[in-house]
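Values in this document were obtained by computation on a predicted structure and should not be read as measured data. Just so you know, residue 1 is the first one in the sequence shown, and it goes up from there.
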Amino acid sequence: MKFAVIVFPGSNCDVDMYEAIREVLDEEVHYVPYTESDLSYYDGILLPGGFSYGDYLRSGAIASFSPAMRAVKQAAAEGKAVLGICNGFQMLLESGILPGAMKRNEKLKFMCRQVELEVVNNETMFTSLYADGEKINIPIAHGEGNYECDELTLQRLMENKQIVFRYTNNPNGSVASIAGITNEIGNVLGMMPHPERAVNDLLGSADGIRLFKSIVKSWRENYVVTS
């Protein structure tokens, strides 16, 4: 499987993402600049965390107009796996690929610590290797992770099983304790916690690696012929 890590001015988790794929997952991965408009070579698109364009206007707002994000929209429409983490999640919201918006954390403080998540839906291409309702530990690092949406959107998210992860101790005030959601067809996931920083016990947790392995498992089941 071939992964693209899209790098924007201000990305600071691109190396973490790249190394998680190359060193731990042992899959092909490339850094791709935000100016790239053709992602057809890649099977999976990864939007890393950071502070794209200094978080001016709103987090992820300026990045959402980049050539790469137009290509991400096309990749998402084609059914490819798209994963946005932290600032990458904010880009998916700002570009309209995922519903809702992100606000400052409820206590207006930047948070950087390990948190516990509940796997709400293990029937997606990102979570198939987790157990339903499993509690996992993944770090957060954000000042604007307070997910918000209107009542109708929240109802649709719940009815369509688009809520994939919830915080067990909602650290930032997100509506319904939401930590990660998918689009309606389930091939785009946005989440504020950083699974790429939880791929080895030496990092404090290895719970994040199964998310990436789930993506590869889904891709192989759908696209690789073994006999």
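Within the 4.5 Å cutoff, the side chain of Pro171 has heavy atoms near those of the Arg113 side chain. Contact of the Val216 side chain with the Phe3 side chain is registered, since non-hydrogen atoms from C-beta on lie closer than 4.5 Å. Taking the side chain as every heavy atom from C-beta outward, Phe126 and Phe165 never approach each other to under 4.5 Å. Residues Leu47 and Val72 have side chains in contact (heavy-atom distance under 4.5 Å, counting atoms from C-beta outward). A heavy-atom distance below 4.5 Å is not found between the side chains of Met191 and Val164. For the pair Leu189 and Thr124, the minimum side-chain heavy-atom distance is 4.5 Å or more. Looking at heavy atoms from C-beta onward, Met102 lies in side-chain contact with Met192 at the 4.5 angstrom threshold. Taking the side chain as every heavy atom from C-beta outward, Glu27 and Lys2 never approach each other to under 4.5 Å.
Phe65 and Ile45 fall into different hydrophobic clusters, where Ile, Leu, Val, Met, Phe, Trp and Tyr side chains are chained together by heavy-atom contacts under 4.5 Å. If you chain together hydrophobic residues whose side chains sit under 4.5 Å apart, Met111 and Leu108 never meet in one group. Tyr41 and Val32 fall within a single hydrophobic cluster, where Ile, Leu, Val, Met, Phe, Trp and Tyr are joined by side-chain heavy atoms under 4.5 Å apart, directly or via other members. Linking ILVMFWY residues whenever their side-chain heavy atoms come closer than 4.5 Å, directly or via other members, leaves Phe89 and Ile185 in distinct clusters.
Contact between Leu157 and Cys149 at its shortest, heavy atoms only, is CD1-SG, 4.2 Å. In terms of heavy-atom proximity, Pro193 sits nearest to Ile138 at CB-CG2, 3.5 Å. In plain terms, the two heavy atoms of Ala71 and Glu36 that are nearest each other are CB-O, 4.4 Å. Contact detail for Ser40 and Lys80: the closest heavy-atom pair is O-NZ, 3.3 Å. When all heavy atoms are compared, the tightest approach of Ala101 to Leu93 is C-CD1, 3.9 Å. Pro48 and Val5 get closest at one heavy-atom pair: CG-CG1, 4.2 Å.
Residue His30 holds its NE2 atom at 11.5 Å from CD1 of Ile6, rounded to the nearest 0.5 Å. With rounding to the nearest 0.5 Å, the separation of NZ in Lys73 from OG in Ser64 is 7.5 Å. Note that CD1 of Ile181 is 12.5 Å distant from CG of Asn121, once rounded to the nearest 0.5 Å. Atom CG of residue Asp14 and atom CG of residue Leu46 lie 11.0 Å apart, to the nearest 0.5 angstrom. Taking CG of Asp43 as the start and OG of Ser218 as the end, the distance is 11.0 Å to the nearest 0.5 Å. Taking CE from Met1 and CD1 from Ile21, the interatomic distance works out to 8.5 Å, rounded to the nearest 0.5 Å.
Asn87 and Ser52 share a donor-acceptor pair across their side chains, judged by distance under 3.5 Å alone. Between the side chains of His142 and Asn172, at least one donor N or O sits under 3.5 Å from an acceptor N or O. Side chains of Gln155 and Glu151: no donor on one and acceptor on the other come within 3.5 Å. If you check the side chains of Tyr130 and Asp207, you find no donor sitting under 3.5 Å from an acceptor. Side chains of Ser174 and Ser177: no donor on one and acceptor on the other come within 3.5 Å.
Counting only distance, with no hydrogens or angles, the side chain of Asp150 and the backbone of Thr153 share a donor-acceptor pair below 3.5 Å. The main-chain N or O of Phe212 is never found under 3.5 Å from a side-chain atom of Glu196 such that the two would form a donor-acceptor pair. Between the Glu78 side chain and the Ala75 main chain, no donor and acceptor come within less than 3.5 Å of each other. A donor-acceptor contact shorter than 3.5 Å is absent between the side chain of Ser128 and the backbone of Met125. The backbone N or O of Asp16 sits nowhere less than 3.5 Å from a side-chain atom of Arg197 that would complete a donor-acceptor pair. With hydrogens and angles ignored, the 3.5 Å screen pairs a side-chain donor or acceptor of Asn183 with a backbone N or O of Val188.
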List the steps and the verdict of side-chain contact (heavy atoms from CB on, under 4.5 Å) for His194 and Ile140. CA-CA 6 Å; His194 288 264; Ile140 57 171; 5.6 Å; no
Could you check Glu184 against Arg156 for side-chain contact (heavy atoms from CB on, under 4.5 Å), going step by step and ending with a plain yes or no? CA-CA 9 Å; Glu184 288 195 9; Arg156 288 175 62 87; 2.3 Å; yes
Determine whether Arg22 and Glu28 satisfy the following criterion, salt bridge (charged side-chain N to carboxylate O under 4.0 Å, His left out), listing intermediate values before the conclusion. CA-CA 6 Å; Arg22 187 177 69 95; Glu28 181 178 345; over 6 Å; no
Could you check Thr182 against Gln162 for side-chain hydrogen bond (donor to acceptor under 3.5 Å, both in side chains), going step by step and ending with a plain yes or no? CA-CA 5 Å; Thr182 67; Gln162 291 172 246; 4.8 Å; no
Begin from the C-alpha positions of Val24 and Asn200 and carry the test side-chain contact (heavy atoms from CB on, under 4.5 Å) through to its verdict. CA-CA 8 Å; Val24 183; Asn200 189 305; 5.8 Å; no
Go through it in stages, so that I can follow the logic: the residues are Ile85 and Met17, the test is side-chain contact (heavy atoms from CB on, under 4.5 Å), and I'd like the CA-CA distance, side-chain angles, deciding distance and then a yes or no. CA-CA 10 Å; Ile85 295 172; Met17 190 87 88; 3.6 Å; yes
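Under a cut-off of 6.0 angstrom, the local environment of CG in Asn222 is crowded, with over 12 non-hydrogen atoms contributed by other residues, nucleotides or ligands.
Under a cutoff of 6.0 Å and an axis angle of 45°, Lys103 and Tyr147 do not form a cation-pi pair.
Qualifying ring-ring contact (aromatic ring centres under 6.0 Å, His included) partners for Tyr56, counting only residues two or more places apart in sequence or in other chains: none. With sequence neighbours excluded, the residues satisfying side-chain contact (heavy atoms from CB on, under 4.5 Å) with Thr168 are Glu116, Glu118, Lys135. By the side-chain contact (heavy atoms from CB on, under 4.5 Å) test, Ala176 pairs with Leu154, Arg166, Ile178, sequence neighbours left out. Residues passing the side-chain contact (heavy atoms from CB on, under 4.5 Å) test with Leu129, sequence neighbours excluded: Arg210, Lys213, Ser214, Lys217.
Counting side-chain heavy-atom gaps under 4.5 Å among Ile, Leu, Val, Met, Phe, Trp and Tyr, the cluster of Phe110 also holds Phe51.
Salt bridge status for Arg58 with Glu94: present, with a side-chain N to carboxylate O gap under 4.0 Å.
Sequence neighbours left out, the pairs with a member in residues 4-27 that pass ring pair (Phe, Tyr, Trp, His ring centres under 6.0 Å) are Tyr18-Tyr31.
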